[in-house]
Amino acid sequence: PSRRRRPPQLMAMPPRRRVSFGPHDEHDTEESKQEVLPRQGAQQSYARGFMASSLAPALAAIFTNPVEVGKVRQQLDKQPASLVATLRHVWQSHGLAGLQA
């Protein structure tokens, strides 16, 4: 006779006591609340952070996309050349737009 295995329990039990996630959530004092309030010059800091968080992935895509293009070209070729030779061929035949396609 085959025994059926019970499926794993999907619902977790709630914790019996409060779970601490570090020293930052231990105390909710007035001093800690004041640290969260915006300081003078916070608008400039926000704009700088926004620009940096927008620029970083764009630059990452610009520099890594040619490698991805070369990798895919090598996968499609029956006799692939080296990555450098593949990128050189794409550059000579299609230019910068070919490396970013």
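Values below: all heavy atoms of this structure, side chains included; hydrogens, waters and symmetry mates excluded.
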Tell me whether [X] shares a hydrophobic cluster with [Y], the cluster being built from Ile, Leu, Val, Met, Phe, Trp, Tyr side chains joined at under 4.5 Å.
| X | Y | value |
| --- | --- | --- |
| Leu87 | Trp91 | yes |
| Val69 | Phe63 | no |
| Val67 | Val90 | yes |
| Met51 | Leu59 | no |

> For the atom pair OG1 (Thr86) and NZ (Lys71), what is the distance rounded to the nearest 0.5 Å?
Replying inline: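 That separation rounds to 13.0 Å.
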
>> For the CG atom of Leu83 and the CZ atom of Arg88, what is their distance to the nearest 0.5 Å?
In response: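 Between Leu83 CG and Arg88 CZ, I get 10.5 Å after rounding to 0.5 Å.
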
> Is there a donor-acceptor pair under 3.5 Å between the side chain of Gln100 and the backbone N or O of Ile62?
Replying inline: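 At least one qualifying donor-acceptor pair exists.
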
>> Minimum heavy-atom separation for Asn65 and Leu99, please, with both atom names.
In response: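 What the structure gives for the nearest pair is ND2-O, 3.8 Å.
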
